[in-house]
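In what follows, every chain begins at residue 1, and chains take the letters A, B, ... in the order their sequences are listed.
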Amino acid sequence: MSRPRINLEATLFCGQSFAWTKIGAVYQAALRGRLVSFTQESLPSLLAKDGGVCEYFDCSFDYEGAEQHLASLDPYLARAIASFSGLRILCQDPWETTVSFILSQNNHITRIRSLYRRLSEAYGTPVGEGVYTFPRPEELDGVTEDQLRGLGVGFRAPYIIDAVAKSPILDAVHDLDDEGALSALMQIAGVGPKVGSCILLFAYQRRRIFPRDVWVKRIMGEHYRHHTCAFFAPHEGLAQQYLFHAYRSEHGRKG
DNA sequence: GGCCAGGAGGCCT
DNA sequence: AGGCCTCATGGC
């Protein structure tokens, strides 16, 4: 069986993960506590021998089938998929994803990335030159609001502290249905419907979840006025990623 | 229910 | 070089 090509550029920099850097042709991040690096060309051989990386890139899901189905629904989505084919929904760590999307509110991607990096450098564990793991809740235990504000997270500092305290919720989410899971996540300060939806889609493989940020609301208003997100069923989450990424690329947004 | 603060770095002109 | 944008959440 041939392995479908993963579009790394779109997948790693579309705003679902803030962990990755690209130096030359090399993509690099701390993944599950260790340094992982590859190029577009070397990724297939890494996937073949590293189950962890394979799982991270959601390799057991039939993306070709999902893309075909979505592309058959309407020409606008078909064009987005044609432009960025191989965009995947990553299987990310719930804790990292929760803090990342708390940081994301009222913020642009470039700045989220720098805050993510600063938190990692300040409280994470080094795994390679200049690369650190994202700090676990235990590593952030006892951190103060002032310390976090010192890193530039601003009004999000108390949210992060609350997330540390309530991090056990993240284990319970695995056993809840989508609705119950969203309610549970929203018990964390700074987690509302949008942030909670992103956590469910990017860390818990809830493929039916359709996060609505301002961009997606614009897209739905401009192109899907007579539809709800159920139009994209059962691949709402993947459709959202293609629409979001294509629309923003088209409108020249980088951050 | 609606409006506005909060925060600072990257983006655009 | 400097002003503007970000755009979810919580609190009033």
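- Rounded to the nearest Å, the gap between the C1' atom of C/dG11 and that of B/dA8 is 22 Å.
- Computed from coordinates, the A/Arg156 CZ to C/dT6 P distance equals 14 Å when rounded to whole Å.
- Distance, A/Tyr159 OH to C/dA8 P: 13 Å, rounded to whole Å.
- Between A/Phe38 and A/Phe57, the angle of the ring planes goes over 60°, which puts this pair in the perpendicular group of the 30/60° scheme.
- Nearest to the side-chain atoms of A/Val195 among the listed nucleotides B/dG10, C/dT9, C/dC7 stands C/dT9.
- Of the candidates C/dC7, B/dG9, C/dA8, B/dG9 carries the atom nearest the A/Arg118 side chain, counting heavy atoms from C-beta on.
- The side chain of A/Lys194 lies closest to C/dT9 when the candidates are B/dA8, C/dT9, B/dG6.
- When the P atom is used for both B/dG9 and C/dT9, the distance is 23 Å, rounded to whole Å.
- A/Val191 comes within 4.0 angstrom of the backbone, heavy atoms only, and of no base.
- Rounded to an integer number of Å, the gap from CD1 of A/Ile112 to P of B/dG7 is 17 Å.
- C/dG11 is paired with B/dC3 under the Watson-Crick or G-U wobble criterion, all donor-acceptor distances under 3.5 Å.
- Rounded to an integer number of Å, the gap from CD1 of A/Ile199 to P of C/dA8 is 14 Å.
- Comparing B/dC11, B/dG7, C/dC7 by their closest approach to the side chain of A/Asn107 singles out B/dG7.
- Atom CZ in A/Arg111 sits roughly 12 Å away from atom P in C/dC7 (whole-Å rounding).
- Spacing of P atoms, B/dA5 relative to C/dC4, comes out at 16 Å, to the nearest Å.
- Across all strands shown, B/dA8 is found opposite C/dT6 as a Watson-Crick or G-U wobble partner, with both distances under 3.5 Å.
- Atom P of nucleotide C/dT6 and atom CH2 of A/Trp215 are separated by 6 Å, given to the nearest angstrom.
- Between the side chains of A/Asp74 and A/Tyr224, at least one donor-acceptor pair of N or O atoms lies under 3.5 Å.
- Across B/dG10, C/dC7, C/dT9, the shortest atom-to-atom separation from the side chain of A/Asn106 is found for C/dC7.
- A cation-pi arrangement is absent between A/Arg32 and A/Tyr56, since the terminal nitrogen or guanidinium carbon is not both under 6.0 Å from the aromatic centre and inside a 45° cone about the axis.
- Residue contacts shown for A/Arg149 are limited to sugar-phosphate atoms, with no base heavy atom under 4.0 Å away.
- Less than 6.0 angstrom separates the ring centroid of A/Phe101 from the ring centroid of A/Phe202.
- Looking at heavy-atom distances under 4.0 Å, A/Arg113 makes no contact with the nucleic acid at all.
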